[in-house]
Amino acid sequence: MTSTSTSSPRDRRVSRRLGAIAESATLKVDAKAKALKAEGRPVIGFGAGEPDFPTPGYIVEAAVEACRDPKNHRYTPAGGLPELKKAIAAKTLRDSGYAVEPSQVLVTNGGKQAIYAAFAAMLDPGDEVIVPAPYWTTYPEAIALAGGVPVDVLADETQDYKVTVEQLEAARTPRTKVLLFVSPSNPTGSVYTAEEIRAIGQWVEDHDLWVLTDEIYEHLVYDGVDTGSMPTLCPFLADHCVVVNGVAKTYAMTGWRVGWMIGPADLVKAATNLQSHATSNVSNVAQRAALAAVEGDLTAVDEMKTAFDRRRTTIVEMLNEIDGVVCPTPHGAFYAYPSVKGLLGRDYPTDDGSVRIETSAELSEYILDRAEVAVVPGEAFGSPGYLRLSYALGDDDLVEGIGRLQKLFA
Ligand code: PMP
């Protein structure tokens with residue numbers, strides 16, 4: 001007789017591990033906005049974290065050529081094309097001053113997969129990862145999938161959304177293994193200065209921790225902020241540091257899906273073994289495109305940066321004109337992260353009366369319904385009371401979209 005108190009294998013349909021994971025909130029908002037747009041509604045999307053520019057022509061050409069070459073029609077080494085790994089090592093030295101061997105590079109299906117692979121390689125069940133909040137929505141899920149426990153440390157707008165060493169120390173326990181670090185940050189656009197990075201790196205070293213530093217927005221820094229790469233500013237960390245990067249943001253290549261992790265060779269080997277079973281090599285055509293990107297110069301990103309910088313000034317100014325909104329000036333990436341706490345706890349008009357809005361999640365739904373503007377609520381980033389707006393959209397749409405918010409909350 002089987003026990004009746006336990007459910008049958010078929011009742012337990014989805015594993016606890018995956019059952020606990022939420023859909024990416026940012027992709028969800030973007031999908032909803034795109035679906036409404038497809039229905040013909042004039043939605044303006046501030047949801048997606050992707051440049052609105054096409055991939056530069058020379059990169060596209062390299063991919064077209066790669067399609068025609070039969071050697072790219074076959075499996076290649078799971079960890080990445082040797083020439084791409086070499087070029088990524090050279091690019092890392094060029095852009096970050098960090099010297100690494102190609103054997104320390106794993107080419108992944110976007111930076112997202114690098115984060116997943118890195119945590120899978122670093123964490124045992126119960127290991128804690130300190131995650132500064134507001135955080136990008138994928139980090140805690142990737143940590144939990146690897147059996148780890150994310151521990152948030154919240155930094156609000158009064159500290160420019162940047163955590164201090166004192167806050168990190170207060171969150172450290174005997175189970176802490178890794179610090180997640182990202183600068184420039186998604187969702188806040190904050191950039192840590194070289195001095196702040198050095199202090200945090202020293203704290204990591206003092207407590208024998210690992211650090212995963214996400215540098216995907218490395219080239220999108222404004223106002224001449226004095227910053228740098230964690231392992232270059234803290235060379236003593238090299239053996240306990242994983243760098244995540246990719247071509248998505250720098251070269252407007254979000255759809256090509258090429259990223260990488262760089263770390264000590266033993267950790268990278270473990271992550272490569274995982275990839276050899278999970279996905280094998282990243283598409284060779286996309287890898288050839290990425291090769292052209294990282295071997296090329298930074299002209300394209302400089303042009304995009306000029307446009308982002310202009311839009312950044314406009315969006316911050318226009319958001320701060322709304323009573324109840326406080327938007328610090330971000331110095332990197334392409335996100336504005338205003339506090340909307342001053343708009344909450346109020347009644348707002350609807351077609352059949354009014355509605356009281358208490359949370360930023362409700363506010364973002366109201367904004368989409370009434371103004372047809374898509375924004376991501378702070379709940380997605382572990383910090384309710386805020387909205388994230390990507391300013392990687394056309395100047396006219398940006399002004400029209402924020403103009404609608406100004407009218408809605410006038
Ligand atoms: N890190 C950060 C901070 C990001 O914002 C993103 C994309 N939103 C990624 C990594 C991953 O980018 P991708 O997988 O497209 O390379």
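In listed order, ligands and their atoms are each counted from 1.
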- prompt: Looking only at distance, does Y217 have an N or O less than 3.5 Å from an N or O of ligand 1?
  reply: yes
Distance-only N or O hit between ligand 1 and I216, under 3.5 Å: no
- prompt: Without hydrogens or angle criteria, can the side chains of Y217 and K249 be said to hold a donor-acceptor pair below 3.5 Å?
  reply: yes
task: Answer with yes or no whether the side chains of Q275 and T108 bring together a donor and an acceptor at under 3.5 Å.
output: no
Which of the numbered atoms in ligand 1 are below 4.0 angstrom from a heavy atom of [X]?
X: Y139; answer: 3 (C)
X: N186; answer: 3 (C), 4 (C), 5 (O), 8 (N)
X: G110; answer: 14 (O), 16 (O)
X: A248; answer: 15 (O), 16 (O)

Are the aromatic ring centres of [X] and [Y] under 6.0 angstrom apart?
X: F46; Y: Y335; value: no
X: Y222; Y: F308; value: no
X: Y337; Y: Y386; value: yes
X: Y139; Y: F119; value: no

- request: For a side chain to side chain donor-acceptor pair (under 3.5 Å) with R388, tell me which candidate from N186, T188, T137 qualifies.
  value: N186
Give me the nearest non-hydrogen protein atom to [atom] as residue plus atom name, then the distance to 0.1 Å.
atom: atom 1 (N) of ligand 1; result: D214 OD2, 2.6 Å
atom: atom 14 (O) of ligand 1; result: R257 NH2, 2.8 Å
atom: atom 9 (C) of ligand 1; result: W136 CH2, 3.3 Å
atom: atom 16 (O) of ligand 1; result: G111 N, 2.7 Å

field: Minimum heavy-atom distance L387-P377, with the two atoms named
entry: CD2-CA, 4.0 Å
message: Looking at non-hydrogen atoms alone, which of E50, K249, K112 comes nearest to atom 8 (N) of ligand 1?
response: K249
